[in-house]
Amino acid sequence: MTEMKPNGKISIVFRRRSDGKIYMAKQYYKLPLQILKPHYYDEDGTAFVYSLNPAGGILQHDRLLTEIVSEPGSDAVFTTPGNSKYYRMDEDYAKVVNKITVKSGGILEYLPEHNVPFAEAKVYQENEFRVEKGAVLFASDMVTSGRAANGEVFKYDIYSSKTKIYVDDKLVLYDNCKMEPARENLMKLGLMDGKKSNGSMYVYADNMDSGLKEEINKLSSESVSLAAGNITPDLLVVRFIGDSIMDMVKVTYDVWDLCRRSILGKPAVRLRKEFSIL
């Protein structure tokens, strides 16, 4: 993971209290990133924590770092109330680094909303997930073509997203997505196939049902195509491409619901969200 000096930062450690509720044993934020106090929707004490960007979007020169640790026995959902907007950048770029650690016996559902790179945006994102055997991780990474309603379909300069997943400190997955619309027609067959949104969901769990991927694959449709497959018996990856981001959001929720029921024995929760119509 590339070292950098962040101008915005979040640092959280999730821990279970004696009464069963999960709380943030460590919580720190530096604007333009902010965290809210936990909400509790599940009866088992799962903490639902929202991260905000009061600036409304991410600017050139922004260097943003999020660090989360889920301790043994903790159960938390980390999300955002809306999409992440990357504004026009005429002289520099934005970099976002997410470092997530889930200890054995911990559960973390890392489900931020989709990224929206505006015209001439330059975005570099790095996700690093470190899990131990006995942990559970759900994580998503979604991006749109831009502000389609404004005619900004693949008008950004570059969108780069690197994802690494380590299990007991061993690298088991490395995704490197680099999209430069000026260099290649991203809509062509074999890439986006005419669709405007894409992304991935990563699921790690020791007790994963081997038939889960087949159930997920049944959710593929004309509007949103997806494919699920196991990298290892404990690590499942789901790839998505779709035209409407709202359709993508719905299908992502359905995949989350299937995985949550299968692995955690409880349904997905309708989270409070605000969406920008693109």
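Owing to the predicted nature of the structure, the values given are computational and were not obtained by experimental measurement.
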Requested in this report: Run the numbers on H61 and Y93 for ring pair (Phe, Tyr, Trp, His ring centres under 6.0 Å), then give the verdict.
Outcome: CA-CA 6 Å; H61 303 293; Y93 61 90; 8.4 Å; no

Worksheet item: Should the pair R130 and Y166 be classed as cation-pi, given the thresholds of under 6.0 Å to the six-membered ring centre and 45° from the axis?
Response: yes

Which of D141, N176, N115 passes side-chain hydrogen bond (donor to acceptor under 3.5 Å, both in side chains) with S161? It is D141

>> Less than 3.5 Å apart, any donor N or O on the side chain of K266 or T46 sitting next to an acceptor on the other?
In response: yes

- prompt: Would a 4.5 Å heavy-atom cut-off, applied to side chains only, mark T66 and V97 as touching?
  reply: no

- Query: On the ring face of Y29, is K9 found with NZ or CZ under 6.0 Å from the centre and within 45° of the axis?
  - Reply: no

Q. What orientation do F78 and Y110 show, parallel under 30°, tilted 30 to 60°, or perpendicular over 60°?
A. parallel

Check: Is it true that the NZ or CZ of R16 lies under 6.0 Å from the centre of Y23's six-membered ring and within 45 degrees of the ring axis?
Finding: no

Taking the inter-plane angle between the rings of Y156 and F154 on a 0 to 90° scale, is it parallel (under 30°), tilted (30 to 60°) or perpendicular (over 60°)?
perpendicular

From the list R239, K162, K164, salt bridge (charged side-chain N to carboxylate O under 4.0 Å, His left out) with D175 holds only for R239

- Message: Check whether Y124 forms a cation-pi arrangement with R63 (NZ or CZ under 6.0 Å from the six-membered ring centre, at most 45° off the ring normal).
- Response: no

| said: Hydrogens and angles aside, do D234 and T232 bring a side-chain donor and acceptor to less than 3.5 Å of each other? | reply: no

>> Side chains of D90 and Q60 only: does a donor on one sit below 3.5 Å from an acceptor on the other?
In response: yes

(Q) More than 12 heavy atoms of other residues, nucleotides or ligands under 6.0 Å from NZ of K26: yes or no? (A) no

Open item on the list: Does atom CD (E91) have a neighbourhood of more than 12 heavy atoms from anything else shown, all under 6.0 Å?
Closed with: yes

Check your understanding: Would D206 and Y204 count as having a side-chain donor-acceptor pair, cut-off 3.5 Å?
Key -> yes

